[in-house]
2 protein chains.
Amino acid sequence: MNPEPVRIAIDAMGGDHGPKVIVPGAALALEERPDLAFLLFGDEKSIRPHLARYPKLAARATVHHTDVAVRMDDKPSQALRSGRRTSSMWLAIEAVKKNAADVAVSAGNTGALMAMAKTCLRTLPDIDRPAIAGLWPTMRGNSVVLDLGATIGADADQLVDLAIMGAAMAEIILGIDHPTVGLLNIGVEEVKGLEEIKKASKLLRESALPTLDYHGFVEGDDIPKGTVDVVVTEGFTGNIALKTAEGTAKQIAQYLREALGRTLLSRIGYFLARGALAALKDKIDPRKVNGGVFLGLEGIVVKSHGGADDVATARAITIGHITARNDLLSKTKAQLALAHAARRSLKMLEAAGGPEPAASAS
Amino acid sequence: MNPEPVRIAIDAMGGDHGPKVIVPGAALALEERPDLAFLLFGDEKSIRPHLARYPKLAARATVHHTDVAVRMDDKPSQALRSGRRTSSMWLAIEAVKKNAADVAVSAGNTGALMAMAKTCLRTLPDIDRPAIAGLWPTMRGNSVVLDLGATIGADADQLVDLAIMGAAMAEIILGIDHPTVGLLNIGVEEVKGLEEIKKASKLLRESALPTLDYHGFVEGDDIPKGTVDVVVTEGFTGNIALKTAEGTAKQIAQYLREALGRTLLSRIGYFLARGALAALKDKIDPRKVNGGVFLGLEGIVVKSHGGADDVATARAITIGHITARNDLLSKTKAQLALAHAARRSLKMLEAAGGPEPAASAS
């Protein structure tokens, strides 16, 4: 076991359920990963009764009281006005900034969390806009997809940065060395408006980044197929794709329930197959992939689903644990720094009239 | 029965299978809708043997020979170079332009078909860029979603035009009077980059168009939920959403097959429930919603899926039949003309210093 614990700062008031789900979730995560320690931010009176039920967790957690909590329907600007420096969400993020914690986890509203994370932690050098990366269950396992909605639009350089950050995350969380990366695109090639995506593709191909294997363009159906380990797109499309897929899964699950409940025979069939169907339910269980990782900031923040239960909360904490234990932040920074240095050199060469022709091998 | 038949010009060489699927598909459509007549474009020697098997269809069809066929992997520019005025795809579209047919149907490649349709038919007045609209099966029935990939990006006026065209299609194909329309957006509201969507929303709300009921923003999961009858988005996002949903449906179907085949009990369960599961399969059968309608052109073109079988081909022809019988084109043109006239008046007023204040009601 590692000597130093991974310290998770938790916004205990975030999400639809607050401490009554977040505290058990932390306890569950600690069962799986005993090298965790917790800083719980929020209303002490609400947190303590739940914490009392988990003595092991209580021994590994400190409670940091605050009256202020960001509401699920607060707009980002509202949250910043009313909760900056005071809310449980802000304080959890600030613990990372002050190096009192390694990762912050919150199930609070995404917009507010991102606004606070950006304001408090700041973006990495040469990164204007952060991204949210998530795990997406596919026919082949899991892929990393980003950006899931932090930033709308992306130019070619920003798409390349997303590829680098997503590859670092896939390596660390999925354990895939040299992951394959695809740029999300549509099939019709000769349509105007794809200049940035085409340019990003060219950059990824030519730069031959050492940490990833650039596959080329992928289409929407390649995400569930698991064609690549990392799917890169800007945040508007990524968010629409994610929610459309979630909605489609629910739609088919409902159809299945209706179909199996319709006749006596189908109900008997359902009864006999219920074990297999439970395995199916487990396989498409969205709780297992809970935890969107904010990338591009000077610190790691994990967004847990607002409706997350204890199992899903534990999963988001586990994601945080893995990113911290494997130092996702330092690796990402190093890889981005290399790529940005190469980019700057290339641009200087271009400005000076193009790169020198390579000396031919004798 | 209507005295005048609906004349369908078919690219008999389009798609993965050509005449051997397209001719039976036309025969099937004719069974359902006897007021159809067909112009079949393509290689006569390939078409005739299939046609001979369907005497009823043969009596309602003319064959127009051409040696040239657009390949499924031709780029749009290639297709135009090699197939303009000569290919079965072009000739089917041209039949609409010459008023020899009411609708063109092709299972050929989307990019080539759109390029030829645009070149041959031209866009409607004040419409720069056409759209592809499709039916999307939802928990509530079917919705119309557009643009599914014809045009990347859209400004506010173009999004409003998509709303008008989509509503006309929903009224005619889904039989919904005054359909509800939603603009696809992401949940985080205060993110930069949504100006055009926000502006379109304001325009749709303020203009109170007589043919539709503007609902507001919808998110990705609202498409499968069927929250609105018409979902409006630009073509990049629409295409990604469509393919992601198709891929997700396949992914879950595969999980289900695997789960039900795993144990003896589950296989018995599957056997007993097979009727219900067949009904489920039928419900999510993509063939039933085959047929993307090209909107914004001076003529209606229906894109059938490249891999469509006879049933799916018949469905695309039926979509063409309904649009022609109910004169989607004239209705769309009239509604767009009204909206554009209002838009121009508004812009003139704005240029002249803003609209006059309305007289207060006494």
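Every heavy atom of this structure was used, including side-chain atoms; hydrogens, water molecules and symmetry mates were not.
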**Message:** I need the minimum non-hydrogen distance between Met139(A) and Gln254(B), along with the two atoms involved.
**Reply:** SD-OE1, 3.1 Å
**Prompt:** Among Asn109(B), Leu242(B), Ile223(B), Leu256(B), which residue forms the greatest number of heavy-atom pairs with chain A at distances under 4.5 Å?
**Reply:** Leu256(B)
**Item:** Minimum heavy-atom distance between Thr244(B) and Ala241(A), given as atom pair plus value
**Value:** CG2-O, 3.7 Å
**Message:** If I take atom CD from residue Gln251(A) and atom CH2 from residue Trp136(B), how far apart are they, to the nearest 0.5 angstrom?
**Reply:** 9.0 Å
**Item:** Interface residues of residues 112-121 of chain B facing chain A - non-hydrogen atoms under 4.5 Å apart
**Value:** none
**Asked** Which atom names give the shortest non-hydrogen contact between Gly149(B) and Ile186(A), and what distance separates them?
**Response** O-CD1, 4.0 Å
**Request:** Would you give the length of the straight line joining atom CG of Asn239(B) to atom CG of Leu184(A), rounded to the nearest 0.5 angstrom?
**Result:** 9.0 Å
**Asked** Top residue by heavy-atom pair count (under 4.5 Å) with chain B, among Pro224(A), Gly247(A), Gly153(A)?
**Response** Pro224(A)
**Message:** side chain to side chain contact (heavy atoms under 4.5 Å, CB included) for Ile240(B) and Ile240(A)? Distances and angles first, verdict last.
**Reply:** CA-CA 8 Å; Ile240(B) 299 285; Ile240(A) 299 287; over 6 Å; no
**Message:** To check you understand the geometry: which heavy-atom pair defines the closest contact between Tyr255(B) and Thr138(A), and what is its length?
**Reply:** OH-O, 3.0 Å
**Prompt:** Residues in side-chain hydrogen bond (donor to acceptor under 3.5 Å, both in side chains) with Asp11(A), at least two apart?
**Reply:** Ser88(A), Ser106(A)
**Prompt:** Counting heavy atoms not belonging to His215(B), are there more than 12 under 6.0 Å from its NE2?
**Reply:** yes
**Prompt:** What residues form a salt bridge (Lys or Arg N to Asp or Glu O under 4.0 Å) with Arg84(B), not counting sequence neighbours?
**Reply:** none
**Message:** According to salt bridge (Lys or Arg N to Asp or Glu O under 4.0 Å), who are the partners of Lys303(B), at least two apart in sequence or on a separate chain?
**Reply:** none
**Among Lys250(B), Lys225(B), Lys243(B), residue most engaged with chain A (heavy-atom pairs, under 4.5 Å)** = Lys243(B)
